[in-house]
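Model, not experiment: these values are computed from the prediction. Hydrogens, waters and symmetry mates are skipped; everything else that's a heavy atom, side chains included, is used.
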Amino acid sequence: MIIVVAPDSFKESLSASEVALAIRQGILDAAPTATVFCIPMADGGEGTVNAIAQSTNSQLITSPTVNALGSPITAQWALVNKDTAVIEMASAAGLEQIPVQQRDILASSTHGVGLLIKEALNYPIKRLIIGLGGSATNDAGIGMVSALGVRFYDAQQQLITEYTPNIIPHIQQIDITGLDPRLQHIEIILASDVNNPLCGPRGASFVFGPQKGASPAQVEQLDSWLQSYAQHCADTLHRDCRDMPGAGAAGGLGFAALAYLNASFKPGIDVIAEYSQLEQHIREADLIITGEGCIDEQTLHGKTIAGIATLSQKYHKPLIALGGAVRANYQNLYQQGLTAAFSISSGPLSLQESMSQCAALLRQKSHDLIRLWLARV
């Protein structure tokens, strides 16, 4: 019996690798002779670097950078096959890095992401993959491109040296002559599960701003600033990227990558699948088990489980999903290839209890499922 275990992380509880290990242990408790392939997944957010690194000939590199509030940190990225760099923007501008009481969307920047990219350009790379999930920012990527050589000036022709949303209304001139020329010679791929535009009701500020602590008034203000800035970009670059799918990803970092770096978007699950040979493993499997912290209607829209369901359906393989919570309308995933979904909860538990017991709950639920699976024959 061949079983593929391909889960995403359970946020703030277990990494995708830890989830896969717990499920594997439960499988082997019930079926010691089973062949289990663990393929940790990600959709462009946290875990993207490790998911690719574990499946490839990779070197993990730790580089100095800054977090969303400008504090010095180090971040890990992967050099794959010596010619591809994989970076998670969340490792340099992630929301979870910032304590709740310190979060300030108006003072948060993607500058640290640009510093990581600049470090990766010191290697002979031909391809750069940037995972866009988990950001703390809403700066339209001005911090990132400033680290790469773009300069912004105010109405008095003074160089702007702060790169947060607060300065966006002061930008009157954009100078791209200093943009790192090495960027012209590499393919840049944005791994993301987000296809929102930069501005408007579905844009970065309205949809994702509240998740990062923005008040209703700040959301309105941020959207207005981004609209104005996008027009300056269009006038300077002679192309308007604000309505392109994914421009609103990572607080508008997607917009910056599209406008300045000529990047292209690809679903995060597809990027991971390419490097992990997920499709080949699914084709040869008897059963696939996946999972993520919360399974609901949102899972349909580019999340890990939806991508795995599509591959499972292609090869007519049964797929079981495990979640910390399984909420309304998850049944819509059945049409995409999901066979069944189960909560790992063993009874009434608080969120904190579920998170602290996550590994044990995953192991027990996996054990029970495999016993049921074996009983069918």
Worksheet item: Hey, mind stepping through Ser146 and His111 against side-chain contact (heavy atoms from CB on, under 4.5 Å) and telling me if it holds?
Response: CA-CA 7 Å; Ser146 71; His111 193 73; 3.0 Å; yes
Worksheet entry | side-chain contact (heavy atoms from CB on, under 4.5 Å) between Met1 and Leu287, worked out | CA-CA 8 Å; Met1 180 170 61; Leu287 174 67; 5.9 Å; no
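Note on Met41 and Ile295: same hydrophobic cluster, where clusters join Ile, Leu, Val, Met, Phe, Trp and Tyr whose side-chain heavy atoms are under 4.5 Å apart, directly or indirectly.
Partner of Asp29 under the side chain to side chain donor-acceptor pair (under 3.5 Å) criterion, out of Gln364, His367, Arg363, Arg24: Arg363 alone. A side chain to side chain donor-acceptor pair (under 3.5 Å) with Asp139 is found for exactly one of Asn166, Thr110, Thr164, namely Thr110. Partner of Phe208 under the side chain to side chain contact (heavy atoms under 4.5 Å, CB included) criterion, chosen from Val194, Val219, Asn138: Val194. When Ile117, Leu115, Leu116 are each tested for a side chain to side chain contact (heavy atoms under 4.5 Å, CB included) with Val113, only one passes: Ile117. Considering Leu322, Ile305, Val19 in turn, Ile305 is the only one that fulfils the side chain to side chain contact (heavy atoms under 4.5 Å, CB included) rule with Glu292.
Heavy atoms only, all atoms of each residue included: Ala340 and Tyr334 are closest at CA-CE2, 4.0 Å. Heavy atoms only, all atoms of each residue included: Gln336 and Gln313 are closest at O-OE1, 3.3 Å.
Atom CD of Gln335 has 12 or fewer heavy atoms from other residues, nucleotides or ligands within 6.0 Å.
A tilted orientation is assigned to the rings of His281 and Phe37, their planes being inclined by 30° to 60°.
With 3.5 Å as the limit, one finds a donor-acceptor pair spanning the side chains of Ser58 and Thr56.
Inter-residue side-chain proximity for Phe265 and Leu258 is flagged as met; some heavy-atom pair is nearer than 4.5 Å.
Residue Arg242 holds its CZ atom at 4.5 Å from CD of Gln231, rounded to the nearest 0.5 Å. In this structure, CD1 in Ile282 is found 9.0 Å from OH in Tyr315, a value given to the nearest 0.5 Å.
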